[in-house]
Amino acid sequence: MLLPFVVIDSLTAEQSRLWREHFAPEPGGRSPGIEEGIWRRTQDPRNAEQSGWTKDDNGRRRVVHYRLHYNLDRSRPTDRLVMDELYLYVSWLAPEDDEDGGVYPAQ
């Protein structure tokens, strides 16, 4: 994927106004146009009901951390919404063959 990645090619005047009103950074503050998140599927028998974990080849931990920076591109006659920065970290841990499924030591 090439950056900046165009999310919406041609914003209306109203969409541009709403972007500036709601997503323009406050002076000295964090830009609301940045979305950051982390997703971790915890593989722990204590929260198996909530996480959906089972003691089989479904595996162990999975982690996804992302940070997306959206902005307006004003280089054309109409504004475009673009993603101009992207950070993505993915961590997988393959299952192990051991007595308790390779998840956590017996408690």
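Predicted model, so just to flag it, every value in this text is computed and none were measured.
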### Message
Consider salt bridge (charged side-chain N to carboxylate O under 4.0 Å, His left out). Of Glu36, Glu35, Glu85, which one does Arg67 pass it with?
### Response
Glu36

### Task
Give the minimum heavy-atom separation between Leu11 and Arg80, together with the two atoms involved.
CD1-C, 4.2 Å

### Query
Does Val63 reach the side chain of Ile38, with side-chain heavy atoms less than 4.5 Å apart?
yes

### Query
Given Val7 and Val82, is the side-chain contact (heavy atoms from CB on, under 4.5 Å) satisfied, shown in steps?
CA-CA 5 Å; Val7 178; Val82 298; 5.8 Å; no

### Task
For the pair Arg17 and Asp79, find out whether any cationic side-chain nitrogen is under 4.0 Å from an anionic carboxylate oxygen.
no

### Query
After noting the C-alpha distance and the side-chain angles of Asp73 and Val6, does the key distance pass the side-chain contact (heavy atoms from CB on, under 4.5 Å) rule?
CA-CA 9 Å; Asp73 173 9; Val6 177; 5.9 Å; no

### Message
Rounded to the nearest 0.5 Å, what separates atom CD1 in Ile34 from atom NE2 in His69?
### Response
4.5 Å

### Summary
Here the pair of heavy atoms bringing Met1 nearest to Leu86 is CE-CD2, 3.7 Å

### Task
First locate atom CG of Leu81, then atom CD of Gln15, and finally report the distance between them rounded to the nearest 0.5 Å.
9.0 Å

### Shortest non-hydrogen contact between Ser16 and Leu72, atoms and distance
O-CD1, 4.4 Å

### Task
Would you confirm whether the ring centroid of Tyr87 sits within less than 6.0 angstrom of the ring centroid of His65?
yes

### Summary
Heavy-atom nearest pair, Ser31 first then Phe23, reads OG-O, 4.2 Å

### Query
Should Tyr66 and Phe5 be regarded as members of a common hydrophobic cluster, given that ILVMFWY residues are connected when their side-chain heavy atoms come within less than 4.5 Å of each other, either directly or indirectly?
yes

### Message
Between Leu68 and Val64, is there shared hydrophobic-cluster membership here, with clusters defined by ILVMFWY side-chain heavy atoms closer than 4.5 Å?
### Response
yes

